[in-house]
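Presented below is the structure to which this report refers.
Side chains are part of it too, since the values below use all heavy atoms of this structure and drop only hydrogens, waters and symmetry mates.
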Amino acid sequence: RAHTVAERVREAAAAQLAARDAQLAAALAQLAVLAARVEDLQSRLARDSSASSRPPSSDSPYTKKARDRSLRGRSGRAPGKQPGAQSSTLKQSADPAETVICAPAACGCCGADLAGADVVGVQKRQVFEAPAPPPPVVIEYQVQARACGTCGEVTVGLAPAGVTGRVQYGPGVHAKTALAICAHYLPVTRAAALVASLTGVSVSAGFTAGVRGRAAARLGPFMDQVRVLLRGAGVLYADETPARTAGKLHYVHAACTGFLTAMHTGGRTTEDIDAGAILPGFTGTIVRDGYAGYQHLSGALHAWCGAHGLRDLAALYRFDPDGQVWARSMADLLIHSNAKATAARAAGQPRLADTALAEIRSWYRGAVARGITDNQHRRGKAGKDGLRLARRFRDHQDMILRFTTDLAVGFTSNQAERDIRPVKVQMRTSGGCWRTIDGLADFAIVQSYLSTAAKWGISQLDALTQLFTDGPWLPNAIRPG
């Protein structure tokens, strides 16, 4: 009997221990999950515009910036304008419209009258002033109907092309209104007020709101011409950005060079990318980010944006500097390689020397191998992210280093990002969204026109004036000259 009681006590104790072990295992598992969540949240909080694709405007003004926000080294140049850089200054006019004589009335020493005294020196000071807006010039076209004295037939005259209404605004008013609403992204009411203040012509909010659509309707020949030219370019830069429209998320796609820009709207699928009628069948090099939607463009060579790679490496290294030494090494390599390519391009060399390419490839593979070795047995977010990034660099070496093997390819896709940034600027001034998809499409078309004109050195006002007068300006080549 005593033996039975002892067995029962041991069994109860073993059951209690088993239950506690199970509770401890569950607690440890929960602790691991919570630790992983904390690590993930810390990683997210550490990200800013220098270590992600977020715009600088998303950075908190109350957070102290890290001293090493970028893995790029210091250039050694002083901040501000560099010696020898092109500059401009306001110069005096040789033919002023008005001259005002500022003569002294009396001697500053004895008080004698200086009305007839000799002029021994003159110091010219000129003030450039904007005149008040003149009243609008009203041109009346009287379309006459005349009866033939021979047969009696009545023939009606023809008004100039574009003069269709009893009362309407001219090309200059259209161009200046479009300049405010399309080129400077002003809200409709403020744009109408600005046009009235600067031109003396009071335009309605309705006219101002519709001027972008009227401009886009005239730009069909321009878009056709730019698409043809872009398809013949050797290197294209591509990007896409979301734009909330009519309660849904749409995308604006851009394909561009240093002298041409074409944008269109749609979703983010391969069909939407192809809808721009530029990238399908393109056989040159596409510089882009890592979005997988471009992978179906197999006829082209692909180059990954180096700035995106540097941001990913910076985020990883900043979160785990001791465990991700390879990320710093890889970033140093990309910066070093870009400097080499830039110097060779400036010197007119067609390609990097074979020894330089061999050094770059050896350094690259060594950094990748270190990244995989250091992270393949680690647990936690830092280890998983490090291994994932190292494998990405391993699998896409040719695309990442394309700028070293072809000096016509840029290190980054910043050209496309700059061209597409006005989408975000307009969103901020429009309450964060577009009301209609047609409005977004019109914005993309007009912005393509203004961006291309600016790249060719044509002022936006001149381009818009020509658009509303004789039709759109058309580039005649991939680049000037």
Q.
Is the shortest side-chain heavy-atom distance between Arg288 and Ser413 below 4.5 Å?
A. no
Q) Is the closest basic N to carboxylate O distance between Asp332 and Arg328 below 4.0 Å? A) yes
(Q) To the nearest 0.5 Å, what is the distance between CZ on Arg421 and NZ on Lys424? (A) 9.5 Å
Q. Taking only residues two or more places apart in sequence, or in another chain, which ones meet His396 in a ring pair (Phe, Tyr, Trp, His ring centres under 6.0 Å)?
A. Trp304
Show me the side-chain donor-acceptor pairs of residues 110-123 shorter than 3.5 Å, one per line, residues at least two apart or across chains.
residue	atom	partner	partner atom	Å
Asp113	OD1	Ala115	N	3.3
Gln123	OE1	Arg125	NE	2.9
Gln123	OE1	Arg125	NH2	2.6

Q. Between Trp363 and His336, does the ring centroid distance fall short of 6.0 Å?
A. yes
Q | Asp406 and Leu301, any side-chain heavy atoms less than 4.5 Å apart | A | no
Q. Between OH of Tyr185 and OG1 of Thr429, what distance do you get to the nearest 0.5 Å?
A. 9.5 Å
Q) How long is the gap from CD on Gln447 to CG on Asp442, to the nearest 0.5 Å? A) 13.0 Å
Q: Kindly give the heavy-atom pair with the smallest separation between Gln126 and Ser93, and that separation in Å.
A: OE1-N, 2.6 Å
Q. Just wondering, do Thr177 and Phe468 contact through their side chains at under 4.5 Å, heavy atoms?
A. no
Show me the side-chain donor-acceptor pairs of residues 193-203 shorter than 3.5 Å, one per line, residues at least two apart or across chains.
residue	atom	partner	partner atom	Å
Ser197	OG	Ala193	O	3.0
Thr199	OG1	Val195	O	2.5
Thr199	OG1	Val201	N	3.2

Q: Determine the minimum heavy-atom distance between Val226 and Thr261, stating which atoms define it.
A: CG1-O, 3.6 Å
Q. Just by modelled atom types, is the Leu461 backbone N or O under 3.5 Å from a matching donor or acceptor in the Thr465 side chain?
A. yes
Q: Any chance you could measure Phe207, atom CZ, to Tyr169, atom OH, to the nearest 0.5 Å?
A: 6.5 Å
Q: Rounded to the nearest 0.5 Å, what's the gap from OH on Tyr237 to OG1 on Thr412? Could you check?
A: 7.5 Å
(Q) Checking side-chain polar atoms at under 3.5 Å, does Gln415 have a donor or acceptor matched by the opposite partner on Asp419? (A) yes
Q: May I ask you to test the Phe222-Leu467 pair for a side-chain heavy-atom distance under 4.5 Å?
A: no
Q) Would you call Phe443 and Ile181 a side-chain contact if the rule is heavy atoms closer than 4.5 Å? A) no
**Q.** Flag side-chain contact, heavy atom, 4.5 Å: His308 against Glu417
**A.** yes
Q.
Are the side chains of Ile278 and Arg227 in contact, using a 4.5 Å heavy-atom criterion?
A. yes
Q: Looking only at non-hydrogen atoms, find the nearest pair between Gln168 and Gly165 and report the distance.
A: OE1-N, 2.9 Å
Q. So do the side chains of Phe403 and Asn338 get within less than 4.5 Å of each other, counting heavy atoms only?
A. yes
Q.
Measuring from atom CZ of Arg351 to atom CZ of Arg345, what distance do you get when rounded to the nearest 0.5 angstrom?
A. 14.0 Å
(Q) Given 3.5 Å as the limit, does a donor-acceptor pair link the side chain of Gln324 with the main chain of Phe319, or not? (A) no
